[in-house]
Amino acid sequence: MTTKFGNSDIHFNKEVDEIDEDGVLVINRHNRAQAKFPDFLPTWDPRQKYPPLKFEKYIDPGSRADPSFPNLFPKGGNYKATRITPKFGTEVDGIQLSQLNDAAKDELALFLAQRKVLLFNDQDFAQHGPGFAVEFGKYFGNLHIHPSSGSPRGHPELHITYRRPEKGELERVFRDRTTNTSFHSDVTYEITPSRFTIFQVLESGDGGDTVFADTTEAYRRLSPAMKERLEGLHVLHTSEDQAANSTFQGGVERRKAVSNIHPLIRVDPVTKEKSIYVNRAFGRRIVELKKEESEYLLNFLYDLIERSHDLQLRVNWEGGKRNKVALFHNSGVSHTATFDTEDGEVRHAYRISVLGERPIGKLEDLNKEEFTTGDLEQALRAVKPI
């Protein structure tokens with residue numbers, strides 16, 4: 001059953017938002033007037049329609065980078081790189097992403113593959129506007145256009161999250177649940193999901209942190225017997241619930257709901273590391289197992305990722321004041337927003353998703369258009385109510 005206020009910060013909400021004279025769905029006039037970054041506010045144009053994504057080969061720019069990082073971290077440079085945790089996550093001061101040359105961008109991609117979460121302070125993307133951020137992202141690959149979330153006018157590649165300031169918003173969010181924590185990887189339902197994400201919180205009250213979980217380290221902690229059991233299993237991912245939620249709230253459907261089957265254990269083509277590739281938001285079933293078997297095993301893996309605080313790091317956005325920009329991988333990392341801001345406070349952010357390779361369980365399958373992942377129609381029938 002679709003939850004009425006699920007995804008309330010990415011979808012149009014007919015109860016509080018408006019429709020302009022051109023038929024475009026927009027944030028209401030009062031909230032637009034208060035926004036600190038109005039050029040980044042979401043709009044939803046029902047006339048925008050896009051076909052499903054098709055398979056495309058992808059080579060990560062990090063694969064051609066110099067592993068000594070002479071351009072990203074030049075000798076004698078006035079920068080500071082600090083590990084957030086020993087295993088993953090690095091915070092960087094003194095480097096302006098918008099000023100990187102191509103060689104430095106390639107090294108950035110490699111460094112990201114190795115550290116999985118990068119946090120750069122005092123960045124200027126917000127000052128340059130949405131088009132500038134989009135062009136930066138395009139260097140690394142094709143950008144995802146979300147099927148139902150809002151985007152600034154003329155920049156559909158930007159995915160906007162906007163928690164509205166209306167009183168009672170948090171009460172609605174928690175009306176039927178005790179937590180809105182939802183660990184996930186971005187758009188895993190696509191045939192070529194997001195390789196990595198560029199994310200910035202533009203405006204927020206205290207709180208609204210993002211928590212990241214290292215699913216590569218989670219895989220390493222499994223016993224040899226469990227690793228062997230998980231190898232060769234595949235999970236059905238679908239956007240059907242997300243699409244239904246957007247429709248329920250009066251929102252748009254730029255692209256029809258899609259479903260794809262991906263390996264449960266995914267290998268990164270740059271680092272050669274394996275990670276657990278599951279997603280409570282979009283994953284529905286391990287296709288090789290029966291319903292109860294699949295639920296039991298998926299719940300074990302979800303709990304491992306979500307409850308193991310020694311696999312996690314937390315980013316405090318400081319209300320947008322430090323202009324922090326995060327880059328994070330989606331193959332070896334899961335993440336969740338936290339809904340702990342005060343009622344009536346805006347949380348406004350943008351996301352750029354760089355599409356990557358079709359997820360693989362074996363390196364020899366990289367960029368193969370056809371390889372066996374299971375019968376999609378049969379998998380969908382298995383999760384449909386009779």
Side-chain angles (χ1 to χ4, degrees), residues 2-19 25-44 125-126 130 133 146-153 155 158-184 186-187 197-212 241-242 245-246 248-252 281 314-326 328 334-353:
T2 303
T3 302
K4 184 174 182 180
F5 291 100
N7 292 134
S8 60
D9 56 353
I10 70 170
H11 290 155
F12 176 80
N13 188 329
K14 60 190 175 184
E15 295 186 12
V16 296
D17 298 331
E18 298 176 349
I19 302 176
L25 286 55
V26 297
I27 299 299
N28 69 50
R29 185 184 307 248
H30 176 73
N31 290 343
R32 295 200 307 270
Q34 295 186 88
K36 293 182 179 179
F37 294 90
D39 290 345
F40 282 89
L41 284 175
T43 66
W44 300 262
F125 286 123
H146 197 276
S148 55
S149 74
S151 60
R153 290 180 190 268
H155 304 289
L158 284 185
H159 163 104
I160 304 299
T161 64
Y162 181 77
R163 196 170 304 162
R164 296 158 182 82
E166 274 72 22
K167 292 289 186 179
E169 178 70 8
L170 290 183
E171 179 184 345
R172 292 193 292 268
V173 167
F174 294 112
R175 178 173 296 162
D176 298 312
R177 59 191 309 175
T178 58
T179 179
N180 206 58
T181 301
S182 178
F183 278 93
H184 63 283
D186 292 337
V187 299
T197 295
I198 304 167
F199 185 79
Q200 179 176 10
V201 171
L202 299 165
E203 178 185 358
S204 176
D206 293 335
D209 297 356
T210 302
V211 182
F212 297 92
D241 289 347
Q242 184 183 78
N245 181 272
S246 176
F248 182 88
Q249 294 186 173
V252 300
R314 185 169 180 137
V315 172
N316 183 323
W317 297 103
E318 299 182 48
K321 299 179 184 68
R322 285 293 307 278
N323 292 313
K324 300 181 180 185
V325 170
F328 56 89
S334 286
H335 65 279
T336 182
T338 57
F339 277 65
D340 60 350
T341 52
E342 294 291 343
D343 194 32
E345 291 184 330
V346 168
R347 185 179 186 271
H348 184 193
Y350 69 84
R351 181 183 90 189
I352 302 169
S353 292

Requested in this report: For His184 and Ser334, run side chain to side chain donor-acceptor pair (under 3.5 Å): C-alpha distance rounded to whole Å, both residues' side-chain angles, the deciding distance at 0.1 Å, then the answer.
Outcome: CA-CA 5 Å; His184 63 283; Ser334 286; over 6 Å; no
Query raised in the report: Which atom names give the shortest non-hydrogen contact between Gly208 and Asp340, and what distance separates them?
Result: N-OD1, 2.7 Å
Query - Mutual orientation of the aromatic rings belonging to Phe212 and His335 [parallel < 30°, tilted 30-60°, perpendicular > 60°] - result: tilted
Requested in this report: May I ask you to test the His30-Val16 pair for a side-chain heavy-atom distance under 4.5 Å?
Outcome: no
Query raised in the report: Taking all non-hydrogen atoms of both residues, which atom of Pro147 and which atom of Gln242 are closest, and how far apart?
Result: CG-OE1, 4.0 Å
Query raised in the report: Is there a side chain to side chain contact (heavy atoms under 4.5 Å, CB included) between Gln200 and Ile198 once you walk through the steps?
Result: CA-CA 7 Å; Gln200 179 176 10; Ile198 304 167; over 6 Å; no
Query raised in the report: Do the side chains of Thr338 and Arg314 get nearer than 4.5 Å, heavy atoms only?
Result: yes
Query raised in the report: Per the side-chain hydrogen bond (donor to acceptor under 3.5 Å, both in side chains) rule, which among Asp17, Asp9, Asn28, Asn13 passes with Arg164?
Result: Asp17
Report task. Evaluate the side-chain proximity of Val315 to Asp209: yes if any heavy-atom separation is below 4.5 Å, no if none is. Result -> no
**Report entry** Spacing of Lys324 atom NZ and Trp317 atom CH2 [to the nearest 0.5 Å]
**Finding:** 7.5 Å
Query raised in the report: Side chains of Arg177 and Thr179: donor-acceptor distance under 3.5 Å anywhere?
Result: no
Query raised in the report: Tell me, do Val252 and Leu25 make a side-chain contact under 4.5 Å, heavy atoms counted?
Result: yes
Report task. Measure from NZ or CZ of Arg163 to the centre of the six-membered ring of Phe339 and say whether it is under 6.0 Å with the direction within 45° of the ring axis. Result -> yes
Requested in this report: For residues Ser353 and Thr197, report the shortest heavy-atom separation together with the two atoms involved.
Outcome: OG-OG1, 3.9 Å
Report task. Considering non-hydrogen atoms only, spot the tightest contact between Leu41 and Ala35 and give its length. Result -> CD1-CB, 3.8 Å
Report task. Let me see the working for Phe125 and Val325 under side chain to side chain contact (heavy atoms under 4.5 Å, CB included), right down to the final yes or no. Result -> CA-CA 9 Å; Phe125 286 123; Val325 170; 3.8 Å; yes
Requested in this report: Applying side chain to side chain contact (heavy atoms under 4.5 Å, CB included), run through Phe37 and Tyr350 and close with a yes or a no.
Outcome: CA-CA 11 Å; Phe37 294 90; Tyr350 69 84; over 6 Å; no
Requested in this report: State, yes or no, whether a side-chain contact exists between Pro42 and Trp44 at a heavy-atom distance under 4.5 Å.
Outcome: yes
Query raised in the report: Does some side-chain heavy atom of Pro152 sit less than 4.5 Å from a side-chain heavy atom of Thr43?
Result: no
Requested in this report: Report the relative orientation of the aromatic rings in His146 and His159; use parallel for angles under 30°, tilted for 30 to 60°, perpendicular for over 60°.
Outcome: tilted
Query raised in the report: Heavy-atom distance under 4.5 Å between the side chains of Asp186 and Arg351, does that happen here?
Result: yes
Requested in this report: Consider only side-chain N and O atoms of Ser204 and His348, and report whether a donor and an acceptor are under 3.5 Å apart.
Outcome: no
Query raised in the report: Which atom pair, heavy atoms only, marks the closest approach of Leu202 to Ala126?
Result: CD2-CB, 3.6 Å
Report task. Could you please spell out the steps behind the side chain to side chain contact (heavy atoms under 4.5 Å, CB included) verdict for Ile10 and Tyr162? Result -> CA-CA 6 Å; Ile10 70 170; Tyr162 181 77; over 6 Å; no
Query raised in the report: Are the side chains of Asp206 and Glu342 in touch, meaning some heavy atoms are under 4.5 Å apart?
Result: no
